2 protein chains.
Amino acid sequence: MDERVREHAEVLVDWSARIETGDDVVVSVAEDAHDLAVAVAEKLGERGANVVTLYDSAEVSRAYLKAHDGEFGDDPAHELALLEHADAYLRLGGGRNTTASADVPGETQRAFARAREGTREARMDTDWVSTVHPTRSLAQQAGMSYEEYQQFVYDAVLRDWESLADEMAQMKDVLDAGSEVRLLKEDTDLTMSIENRTAVNSAASVAYDSHNLPSGEVFTAPYATEGEVFFDVPMTIQSNRVTDVHLTFEDGEVVDFSAGQNEAVLGDILDTDEGARRLGELGIGMNRGIDRFTDSILFDEKMGDTVHLAVGRAYDSCLPEGESGNQSAVHVDMITDMSEDSKMLVDGELVQRNGTFRWEDGFEG
Amino acid sequence: MDERVREHAEVLVDWSARIETGDDVVVSVAEDAHDLAVAVAEKLGERGANVVTLYDSAEVSRAYLKAHDGEFGDDPAHELALLEHADAYLRLGGGRNTTASADVPGETQRAFARAREGTREARMDTDWVSTVHPTRSLAQQAGMSYEEYQQFVYDAVLRDWESLADEMAQMKDVLDAGSEVRLLKEDTDLTMSIENRTAVNSAASVAYDSHNLPSGEVFTAPYATEGEVFFDVPMTIQSNRVTDVHLTFEDGEVVDFSAGQNEAVLGDILDTDEGARRLGELGIGMNRGIDRFTDSILFDEKMGDTVHLAVGRAYDSCLPEGESGNQSAVHVDMITDMSEDSKMLVDGELVQRNGTFRWEDGFEG
C-alpha cells in the first residue's frame, strides 16, 4: 500500500476525529475508497475502537431512488439507531463516476433528503469527519492525471495542521469581533450581518468544530443578507455542472437568480424549502496548499484567495448556545475568486484586498 | 446489467426474504458484489423498503483484526442498535480473495467472534438471508472459468423453489417422526439422537425458516452423538484448506480428531468453547441443481447425495419452543459424499442408499 494512504488514515483518525479506545465508529466507504478503508480500519484497530462499515455507492443509491415511488416514510428506525449510538462518523468519499446520479429526478433527491433529516441530524451530532480518497473519477473531474491528482490530494491533506490553525485564528478573531461583512468585486456588492455569531477556525479536527479533511477555512453563519453576488467558480450540484451563478438578496432572501449552465438545477435547490433561499454559511478559504480548482467542493472552498457562501442549513457551532440558525434540508456551497480586483471589509474596514490579508506582507490598505 | 443478476435479486427480495413496504433492511455487500447490490437496491426501492448498506470487506476486517490488541470489549452499542431495529438482513457475499484473512491468527478471530455473540444473535433474530454474487475469486476457488461459474451459481439460485420445497417435505416428515439417525460408509458409523427435534425444510425462504440462497437441504439439531465419521469433501475454514477430517464421538462430544491438511486449524475450532465439540447440525443435501463441489459451503452442503454435520451452534428453529440447543461461538460444516457405498438409516430403517432416497426410482432396499 502507498504509504501516503496510511498517513492520510492516521491524520483522519488521530488529528481529525480524535478516536479513542472503545469509541463506536461508523466508517462510510465510497465505491473506490477501498484502500483508504483498509488503512483506516488498521488505525481504528490500533486504537481499540469499534467499527461498523457502510457502503456508500452512488450507483446503489441511484437504483434505489429511481425504483422508489417517492413516498419515503420517516427516518428508518435501524439507521437512526445506528447513528444515535455512534460516537464518530468517518466518510471516505471517492466513487467511480461523479455523475452516477445524473438521471435521478431532482424532485426525488430532494424528497429523500427531506425524509432523512433525522438521520442527518443524528450523524451531525457525532464527531463526524468527511474526507476523500483520490480516485480516477475525481482526477477526471479535476481534469488531471491520476498520479498528479493523488499528489494534489496528499498535498492538501498531509499538512502541519497545528500551524495552519494558528494562522486562521487571526481571521476568526476579526469575524468574532465584527458585526457586518461586505464583499466587493465584479457584479458583487453583498452585505451580511454576523453580529452575535461565532466563527469556526476550521482546522480539520472535531477539536476545532471542523469536520472536513482537508480543511483550512474560517466560516460563520451570516444573516440579513442584502445585495448581489457573482460566483465565477463552476460547481457540481447533484451531478450537474452549474456555472456563473448570480444571486440577488433582499431582506436576507434570494429574490432573483441566474446561472450560465443548468439554471433550473439551481432553481430547484432554492425551492427545496424556506431556508434554501437564505444563506447558511460564509466561508473564507485559507489553505494555500490547495493551488487550483478541481471541481470538488471539499477542496475548492478551502483554497486560499477564495470566499464561498452556502444557501441552506447553517452549522449550530456558529450560533449562540441553544439557538438554531437557518434550517434547511440542503446546504449548497458556491465559490467566488477573490484573488483580483476584490475587497472584503468587516465593519467598513478592509481585511483582504486582491487575496492578501491585512496581516500579510504585500497588503495594500 | 446481466438480466440474471436482476432475477437473482428478485428471488432474494421476494421469495427468500419476503420484503414488504416499510421494512427496515440491512444489506451487507462484499467487495465484488456491487452489481448484485445495485439490483437488490432497485428491488428494495420498488418494494418501498428502507435500506442501510454495509461494506463487508475481508481486507478491511483483516487490517482491523491484525492491528487490534485482541482485547475486544462487549458488543458495540451502535452495531447492536442497528441490528436490533432491523427487520431483515441480506448478506451479499462475493469477495476478491477467499484467503484474504489467512494471516489473521485463529485466536484473534475466535476472540472477536466470542466478543460479537450479541450482534450475531441480533442479526439472526431478523429475517436474514445469505447469498453470493458470482465473482472471479469464487470461480477460482471452484476451479472454474468465470462464465462457467456464473452459470453454475444461477443454475443453483434461479430454481422453482416451490416445487423443490414439496420434494424436501418428504425428508422432513421422516426426520420429524424419527428418534435416531445412523450414517454408514467407509470409516463411518455414526449414531445421533433427533428425538424431540424438528427438521427444517430449507427452501431458501424465511417463510420456511431457511436463510440461504441457494438452499435445498433438510436439517435438524442432533445430540447424544456416538461413533466415528469421515468427511471426504475438502473444506475451507478461516481461509485454510482442511481435508480428510475424521472425528470420533463419545457421549455427544468429539474425543478424537484428525485431518489430512491443517489439522491444527480443526483443533483450534474444536477448542473455541465447550459447544464446539458437540454437533449443532445434521443436514441432508437435496438440491440436484448443484452438480459439483465448488469449495463453498453455501453450495456444497446443499448438493444432492451428500450429508453434512456441523460442530458448534445449533439453530433454535429445530428445538422445541423456548428450548435452546447446543451453544457455541462457531458453526463449522463438514461434508461427506453419500453417493456410493453408503447408507442412512432412521430408527433402523433404510432411508437413503448410495444417494437414492426410498421414495425415488432405483432405490434398493
Side-chain angles (χ1 to χ4, degrees), chain A residues 1 9 21-31 33-35 37-57 59-69 71-87 96 115-116 119 126, chain B residues 1 9 21-31 33-35 37-57 59-69 71-87 96 115-116 119 126:
Chain A
M1 183 185 290
T21 305
D23 279 354
D24 287 345
V25 183
V26 174
V27 180
S28 160
V29 183
E31 289 157 357
H34 175 81
D35 285 0
V38 170
V40 166
E42 185 176 274
K43 214 43 77 181
L44 292 173
E46 278 175 19
R47 297 292 165 270
N50 302 313
V51 190
V52 167
T53 309
L54 301 179
Y55 186 49
D56 175 24
S57 159
E59 291 188 353
V60 167
S61 302
R62 170 193 172 274
Y64 177 80
L65 291 174
K66 278 186 78 82
H68 203 287
D69 66 8
E71 297 291 317
F72 304 106
D74 292 338
D75 293 285
H78 66 334
E79 188 173 10
L80 210 50
L82 169 72
L83 297 169
E84 284 173 348
H85 287 83
D87 299 305
R96 290 190 193 126
R116 293 295 177 272
T119 52
T126 70
Chain B
M1 183 184 292
T21 305
D23 279 354
D24 287 346
V25 182
V26 174
V27 180
S28 161
V29 184
E31 289 157 355
H34 175 82
D35 284 0
V38 170
V40 166
E42 184 175 275
K43 213 43 77 180
L44 293 173
E46 278 175 19
R47 297 293 166 269
N50 302 312
V51 190
V52 168
T53 309
L54 300 179
Y55 186 49
D56 175 23
S57 159
E59 291 188 353
V60 167
S61 302
R62 169 194 173 272
Y64 177 78
L65 291 174
K66 279 187 78 80
H68 204 286
D69 66 7
E71 298 291 316
F72 303 105
D74 292 337
D75 293 286
H78 65 334
E79 188 172 9
L80 210 50
L82 169 71
L83 297 169
E84 285 174 347
H85 287 83
D87 298 305
R96 289 189 194 128
R116 293 294 178 274
T119 51
T126 70

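Letters A, B, ... mirror the listed sequences (proteins, then strands); counts begin at 1. Remember, it's a predicted structure, so these values are computed and weren't measured experimentally.
- Every residue meeting the side chain to side chain donor-acceptor pair (under 3.5 Å) condition with His34(A), not counting sequence neighbours, appears here in chain and number order: Tyr55(B), Glu59(B).
- Under a 3.5 Å cut-off, the side chain of Asp24(B) and the backbone N or O of Ala77(A) do form a donor-acceptor pair.
- With a 4.5 Å cut-off on non-hydrogen atoms, Ala49(A) touches chain B through its backbone but not through its side chain.
- The contact between Val52(A) and chain B is made by backbone and side chain atoms together, counting heavy-atom distances below 4.5 Å.
- Scored by the side chain to side chain contact (heavy atoms under 4.5 Å, CB included) test, Ser61(A) finds no partners at all (sequence neighbours excluded).
- Minimum heavy-atom separation, Val51(B) to Glu79(A): O-OE1, 4.5 Å.
- The contact between Val25(B) and chain A is made entirely by backbone atoms, counting heavy-atom distances below 4.5 Å.
- Residue Val40(A) does not touch chain B at all, counting heavy-atom pairs closer than 4.5 Å.
- Comparing Lys43(B), Glu46(B), Arg47(B), Glu71(B) by how many heavy-atom pairs each has under 4.5 Å with chain A, the most go to Glu46(B).
- Summarising the geometry of Val38(B) relative to Ala63(A), their closest heavy-atom pair is O-CB, 3.4 Å, with the distance given to 0.1 Å.
- If you measure heavy-atom distances from Glu31(A) to chain B, the contacts under 4.5 Å come from the side chain alone.
- Across all non-hydrogen atoms, the minimal contact from His85(B) to Ala81(A) is ND1-CB, 3.4 Å.
- Using a distance-only test at 3.5 Å, with no hydrogens or angles considered, no donor-acceptor pair links the side chain of His78(A) to the main chain of Asp87(B).
- Both the backbone and the side chain of Val26(A) come within contact range of chain B, judged by heavy atoms closer than 4.5 Å.
- Per-residue heavy-atom pair counts under 4.5 Å with chain A were compared for Leu82(B), Asp69(B), Asp56(B), Asp75(B), and the maximum is reached by Leu82(B).
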